[in-house]
Amino acid sequence: KLSYSIEVLNAQVGAQQVGSIPRSYLSSASFIESDHPKIIETSKALQQSNDAETAKAIYAWVIANVKDAGYTSQDKGALYALENGKGDCTEYMYLVIALARAAGIPARPVGGYVYKQNTIVEPADYHNWAELYFSGRWYTVDAQKKAFGDVTGAYVAMRYLDDQEITLAGNSHRFSVTNQALKVKMLK
């Protein structure tokens, strides 16, 4: 029997200044089709006078135009969410990022947990959201859970998702336990 206790301390990551933004945070990627004509057209229609206002417009547009389809085991991508008006947290994340990148706003996909006060998180609580860089810092933009801005205390990032990242789980960012004999439990 193997047991771990982990204490997670929140850092004010969003408030940190970032020296240089990786080019990948402005590029099209798997499931983030920021160079697709439909994404570009929608993004242009949402452009405002500055990045902060454009980010708010993207957030509001995604909330108004995408409905939660419940969890799906396969990624469908930003274009799917745009064309079908539905998706799970991953498609919300992809669409926000694609629209932001098409507008020239650096954006990165994040996977982790959202919690309120002390709680025990379950594997099924794993969540994906976007972070956008504007006004000199990173901001959480989670259209599915209707959270925008400085919500650092409730969001615990476990990893930044990347096309190039290779882990023991491959490129997967969805929580899974493949061995049914193995019991995985997260305690506070």
Side-chain angles (χ1 to χ4, degrees), residues 10-63 65-66 75-82 87-114 126-152 154-167 169-175:
N10 286 337
Q12 298 299 318
V13 176
Q16 293 177 347
Q17 294 292 326
V18 177
S20 64
I21 304 296
R23 183 175 297 279
S24 63
Y25 291 165
L26 286 165
S27 304
S28 186
S30 298
F31 304 108
I32 303 172
E33 304 96 333
S34 58
D35 58 356
H36 191 280
K38 289 181 180 180
I39 299 281
I40 292 169
E41 179 184 342
T42 304
S43 181
K44 281 185 181 178
L46 297 171
Q47 292 263 196
Q48 302 296 311
S49 60
N50 60 55
D51 288 350
E53 293 303 315
T54 300
K56 288 177 189 172
I58 289 168
Y59 166 75
W61 188 92
V62 173
I63 287 173
N65 291 281
V66 178
D75 287 351
K76 297 186 188 316
L79 187 59
Y80 173 88
L82 179 71
D88 67 3
C89 65
T90 306
E91 277 64 53
Y92 276 84
M93 171 192 72
Y94 284 146
L95 184 55
V96 166
I97 291 169
L99 293 169
R101 288 181 181 181
I105 300 171
R108 63 187 180 191
V110 186
Y113 294 90
V114 182
Y126 187 82
H127 183 62
N128 293 312
W129 64 90
E131 285 185 346
L132 276 55
Y133 188 82
F134 56 88
S135 303
R137 58 184 280 191
W138 289 101
Y139 289 91
T140 296
V141 180
D142 184 354
Q144 186 197 36
K145 290 194 179 287
K146 297 180 176 74
F148 182 94
D150 190 9
V151 293
T152 308
Y155 283 74
V156 177
M158 300 302 285
R159 63 187 286 217
Y160 294 102
L161 312 173
D162 185 343
D163 273 356
Q164 308 308 312
E165 185 176 329
I166 303 297
T167 66
N171 193 6
S172 175
H173 57 270
R174 297 184 185 269
F175 188 95

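For the atom pair Tyr92 OH and His127 NE2, the distance stands at 10.0 Å (nearest 0.5 Å). How far OG of Ser27 is from CD1 of Ile32: 10.0 Å, rounded to the nearest 0.5 Å. Atom CD1 of Ile39 is separated from atom CD1 of Ile97 by 11.5 Å, given to the nearest 0.5 angstrom. Atom CZ in Arg137 sits 10.5 Å away from atom CD in Glu131 (nearest 0.5 Å). Rounded to the nearest 0.5 Å, atoms OG (Ser43) and CZ (Arg101) are 12.5 Å apart. To the nearest 0.5 Å, atoms CD (Gln144) and OG1 (Thr90) are separated by 8.5 Å.
Counting heavy atoms from C-beta outward, Lys145 and Val114 have side chains that approach closer than 4.5 Å. By the 4.5 Å heavy-atom criterion applied to side chains, Gln48 and Lys56 are not counted as neighbours. Residues Val96 and Leu132 form a side-chain contact, since some pair of their non-hydrogen atoms from C-beta on lies under 4.5 Å apart.
Without hydrogens or angle criteria, Glu91 side chain to Gly77 main chain gives a donor-acceptor distance under 3.5 Å.
Note on ring orientation: taking the six-membered ring where Trp is involved, the planes of Tyr94 and Phe31 are parallel (angle under 30°, cut-offs 30° and 60°).
Remark: Tyr59 pairs with Phe148 by the ring pair (Phe, Tyr, Trp, His ring centres under 6.0 Å) rule, at least two apart or across chains. Annotation: side chain to side chain contact (heavy atoms under 4.5 Å, CB included) contacts of Thr42 (sequence neighbours excluded): Leu46, Trp61, Leu82, Leu99. For Ala52, the side chain to side chain contact (heavy atoms under 4.5 Å, CB included) criterion is met by Asn50, Phe134, Ser135, not counting sequence neighbours.
Among pairs with a residue in residues 23-51, those fulfilling salt bridge (charged side-chain N to carboxylate O under 4.0 Å, His left out) read Lys38-Glu83, at least two apart in sequence or across chains.
When all heavy atoms of Pro109 and Met93 are compared, the closest pair comes out as CB-SD, 3.5 Å. For the pair Val66 and Gly87, the tightest heavy-atom approach, listed with the atom from each and the gap, is CG1-N, 4.2 Å.
Aromatic rings of Trp138 and Tyr160 (six-membered ring for Trp) have centroids beyond the 6.0 Å cut-off, not under it.
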Quiz prompt | Step-by-step side chain to side chain contact (heavy atoms under 4.5 Å, CB included) determination, Trp129 to Tyr155 | solution = CA-CA 9 Å; Trp129 64 90; Tyr155 283 74; 3.4 Å; yes
Exercise. Starting from the C-alpha separation in whole Å, work towards a yes-or-no answer on side chain to side chain contact (heavy atoms under 4.5 Å, CB included) for Leu161 and Asn128.
Key: CA-CA 9 Å; Leu161 312 173; Asn128 293 312; 3.8 Å; yes
